[in-house]
Structure formats: C-alpha cells, structure tokens
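In what follows, residues are counted from 1 in the order of the sequence shown.
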Amino acid sequence: MNKKYIIIGTVVALIIGGFCFFKFKSRSLKQALKDAKEYTSYELVCQMEMLENDELKTYQVTSHYASIDKQDYYKVELYDKSLNQAQVIVKNDKGVFVLTPSLNQAFQFQSEWPNNSPKPYIYQSLLTFLEDNKNEKVKDGYIVTGEMKYDNDDRVKSQEVKFDKNLNPMYVNVYNGDGVEVIQLTISSFKPNQKIDKQAFQQETIMKESQNQYKQTTSSLPLYPVALMGSTLQNEKVSTIDDTTNHILKFTGEKSFTIVESSASSKETMNVVKVNSEMIDLLDGFAYIEDNQMTYVSSGVVCSLYSNDLTKEEMLSVLTSMQSSNVK
C-alpha cells in the first residue's frame, strides 16, 4: 500500500514539476522582454555589411540611446571603413540632425526618425521584431525569423535576429526574396543602462568629437551611377565655387537627368541646412526631395540629381547606385 502511494506521489510530483518548469521557461522570456523594454539607455556597437549593386560596403555602427526627462534621445554613427568617413544621425530636443563631419555640415529635419521604420541597429526595432514573430529557443538564447520590410529598400523581404538569454542582440541577417543575404550585422558589444548625459546628443558636441576622431580625407570623385534608367553619359565637367568642387554629369536618353556631386573643404563654423521636405531614411545615408531635385548624402559626399523625367523612386535608385567605376 505504501509503495502504491509512493508511486502516485512521485507521478504527481513529476507532473507538477514539469508544469512549473515549462511555466518558468515561458515566463523567463516574458520577464527578459519586460526588463529589456525598461532599459533607460544603451550602447550598441556592430559591424554592418551591405551588398549594393554587387559591391560590398562595410560600416562600423555605434548606436546610443537614452531616455532623459521623459524624452527619447538617439545617436547613430556610421563609419565607412574604406573611405575613412563618418556620418552621424542624432535625435535630440531640437529635432533630427544628420551630420557630415568631413564637411562640418549638418542637415536638420522635423522627422519621426528612428521610429518611422525598422532599423537593424536600433534595439527597440529588434525587440518589436521579437514580439511580432515566432522565436526558436536555442542553447544560448533565441533565434527570431519573420517577414520584414525596410522603407526605401525593396530588396528586403525577411529577417533573422539572434538574442542571447538576456535578450542582448548577437546578429541580424536581412534577406531578399530569393533568400540571399543583403545586409548583415554582427554585434560586438551591447551595454544597457549606461550613464549617458544630454550633452552627448548635442550636434555641436558630436561634430567636434567626430572631427577630432577621424582625419579629414577627400572622397574620390566623381562617382557614377549603375542604374541609368535607359540613359547614357553625354558629358561631364568640373567647377569650383567658394572652395567647393562640383562634378557635373549630364545623362540623356529615355529619361534624362543631371547629377551634381560636391566635395567641400571643412569650414570653421558648422553649416546647418534646415530642410522642410521629407527625410528619406536609408540605412547608410539619407536623401530628401524638393520639386524636381533629390539630394543624397552618404560617406561625406553630397549628390544632387535634377530631372523632369524620373519619378521619386527612380531618382533614389540612381543615387543609391553611385560607385567609383566609370560608365563611359
């Protein structure tokens, strides 16, 4: 009789133990997510590789976030290793600024960045992706996969993110419709709840620090577009005005357009350009459009495209395909 009770007691204990174990496991992810969403600040450092027109671009990306006085502050620095050029996007209490240290120039926008679309180097975007998709529990953490869409990049169709057990991000892989990896982030450091003060998000402070950190180099111009929209290069010329060298490329054909590329010497006083039009947010740069002109800024180069024939999407395709190889 005692043996029977022992067996029954053992079975009951195993059932209760198993229930508690699985309940604890499911609760552990829930609790980790709750804790992660309560971080008041973080620093994320990663290497980002992007495949664009068969050219592999590599950036070191450093993201900072802090909640100060009930307001969210962000700073993302993209350092182009091949060009030794940095670009910094910052959101503070004055708006959104895109800084180009090599030119000592800033573009100011009224924008919802970075909350207007997903970003692989913004931790909040990765947590949202975790909540919206199924995850697989692995030995050292969680792997999350699901459909993904990035604004202004039609290639992106799906994404895979790996977190450790504490939901520190480990890597982000982004794929096109054929399952080819087009963006890869390898996270080398993630430090939550760091002490970051308000001054770290002020554009003047960031500009000075970036100029001291990176030596000033002149980008090799001109660049030429790979996406030609049925046109060919008709002529090109160079002009210099107020220490600014402009490379002017004129393309004619089915859809004609002109590109002006500028590489200026750094000015002593930071030049702030207030832009009233929409900020077109790209992972490694930005653009904006005014009437028949689109301006694209990336890695210390300012490119402006003028056309009465191209749509907004076509303008963006041309500008984001700019490379150093000659198309003549």
Side-chain angles (χ1 to χ4, degrees), residues 48 50 52-53 57-65 73-80 83 85-92 94-122 125 149-156 174 182-183 185 201 203 206-207 210 214 219 221 223 225 227 259-264 270-306 310-323:
M48 179 174 71
M50 300 180 62
E52 295 183 353
N53 302 300
K57 297 184 177 181
T58 303
Y59 301 88
Q60 178 175 299
V61 183
T62 304
S63 299
H64 288 95
Y65 162 80
Y73 290 74
Y74 292 90
K75 179 177 67 173
V76 175
E77 178 183 294
L78 298 116
Y79 171 57
D80 187 324
L83 299 176
Q85 294 276 0
Q87 188 158 287
V88 186
I89 310 175
V90 58
K91 182 176 184 178
N92 56 34
K94 297 178 182 178
V96 174
F97 295 83
V98 181
L99 312 179
T100 305
S102 62
L103 306 181
N104 200 14
Q105 188 170 38
F107 295 84
Q108 182 178 3
F109 296 86
Q110 292 301 319
S111 171
E112 295 302 315
W113 180 92
N115 301 319
N116 51 353
S117 65
K119 312 287 187 302
Y121 40 66
I122 296 293
S125 291
K149 178 182 178 182
Y150 286 177
D151 286 356
N152 307 308
D153 194 333
D154 294 335
R155 301 174 304 165
V156 175
V174 182
V182 291
I183 303 169
L185 270 79
F201 298 94
Q203 59 273 16
I206 297 168
M207 185 69 83
S210 297
Y214 304 113
S219 300
L221 296 181
L223 304 176
I259 296 176
V260 179
E261 305 172 29
S262 303
S263 179
M270 182 173 67
N271 178 34
V272 179
V273 179
K274 290 186 178 182
V275 182
N276 295 320
S277 58
E278 169 196 6
M279 174 181 173
I280 302 172
D281 183 20
L282 307 165
L283 288 183
D284 59 343
F286 80 98
Y288 63 91
I289 188 168
E290 295 176 318
D291 297 326
N292 65 338
Q293 173 189 351
M294 178 177 286
T295 300
Y296 170 64
V297 183
S298 179
S299 298
V301 177
V302 180
C303 296
S304 294
L305 185 152
Y306 302 83
L310 299 179
T311 65
K312 171 185 172 181
E313 291 73 21
E314 290 171 335
M315 286 183 174
L316 193 60
S317 294
V318 172
L319 288 173
T320 55
S321 74
M322 303 291 285
Q323 294 183 8

Using a 4.5 Å cut-off on heavy atoms from C-beta on, say whether the side chain of [Y] contacts that of [X].
X    : Y    : value
S304 : Y296 : no
Y150 : S117 : no
Q87  : V98  : yes
D154 : E313 : no

For F107, what residues pass the ring pair (Phe, Tyr, Trp, His ring centres under 6.0 Å) criterion, not counting sequence neighbours?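 F107: ring pair (Phe, Tyr, Trp, His ring centres under 6.0 Å) contacts with F286.
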Ring pair (Phe, Tyr, Trp, His ring centres under 6.0 Å) against F201, all qualifying residues, sequence neighbours excluded: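 If we apply the ring pair (Phe, Tyr, Trp, His ring centres under 6.0 Å) test to F201, skipping adjacent residues, the hits are Y73.
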Polar side-chain atom of [X] near backbone of [Y] as donor-acceptor pair, under 3.5 Å:
X    : Y    : result
Q85  : T100 : no
E261 : L223 : yes
S210 : M207 : no

Please lay out, stage by stage, how Y121 and L78 fare under the test side chain to side chain contact (heavy atoms under 4.5 Å, CB included). CA-CA 10 Å; Y121 40 66; L78 298 116; 4.3 Å; yes
Specify the closest pair of heavy atoms between [X] and [Y], including all atoms of both residues, with the distance to one decimal.
X    : Y    : answer
S317 : A227 : O-CB, 3.8 Å
S125 : P118 : OG-CA, 3.7 Å
L185 : P120 : CD2-O, 3.5 Å

Going through the distances and angles, do I206 and E77 end up as a side chain to side chain contact (heavy atoms under 4.5 Å, CB included)? CA-CA 10 Å; I206 297 168; E77 178 183 294; 5.9 Å; no
Set of side-chain contact (heavy atoms from CB on, under 4.5 Å) partners for K149, sequence neighbours left out: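 Once residues adjacent in sequence are excluded, K149 has no partner under the side-chain contact (heavy atoms from CB on, under 4.5 Å) criterion.
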Identify, with sequence neighbours excluded, every residue that meets side-chain contact (heavy atoms from CB on, under 4.5 Å) alongside E112.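 side-chain contact (heavy atoms from CB on, under 4.5 Å) check on E112 returns N116.
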How would you list, by chain and number, every residue that makes a side chain to side chain donor-acceptor pair (under 3.5 Å) with [X], sequence neighbours excluded?
X    : value
E52  : K57
N292 : N308
Q105 : none
Y65  : D72

Just verifying a value: how many Å separate [X] [atom1] and [Y] [atom2], rounded to the nearest 0.5 Å?
X    : Y    : atom1 : atom2 : answer
Y79  : T62  : OH    : OG1   : 11.5 Å
D153 : I183 : CG    : CD1   : 5.5 Å
L310 : L319 : CG    : CG    : 9.0 Å
C303 : L221 : SG    : CG    : 7.5 Å

Verify side chain to side chain contact (heavy atoms under 4.5 Å, CB included) between I89 and V96, making sure each step is shown before the conclusion. CA-CA 7 Å; I89 310 175; V96 174; 4.2 Å; yes
What do the steps show when you test V90 against Y74 for side chain to side chain contact (heavy atoms under 4.5 Å, CB included), and what is the final call? CA-CA 6 Å; V90 58; Y74 292 90; over 6 Å; no
Residues 272-284 side chain polar contacts: donor-acceptor under 3.5 Å, at least two apart:
unit_1	atom_1	unit_2	atom_2	d
S277	OG	I289	O	3.2
E278	OE1	K312	NZ	3.1
D281	OD2	K119	NZ	2.8
D284	OD2	Y59	OH	2.9

Output, in order, the C-alpha distance, side-chain angles, deciding distance and verdict of side chain to side chain donor-acceptor pair (under 3.5 Å) for Q293 and T295. CA-CA 7 Å; Q293 173 189 351; T295 300; 3.2 Å; yes
Inspect the surroundings of CG in D151 and state if more than 12 heavy atoms from other residues, nucleotides or ligands are less than 6.0 Å away.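 Yes, CG of D151 has more than 12 neighbouring heavy atoms, counting only those of other groups under 6.0 Å.
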Salt bridge (charged side-chain N to carboxylate O under 4.0 Å, His left out) with K91: which residues, sequence neighbours excluded?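 Listed in chain order: nothing, the list is empty.
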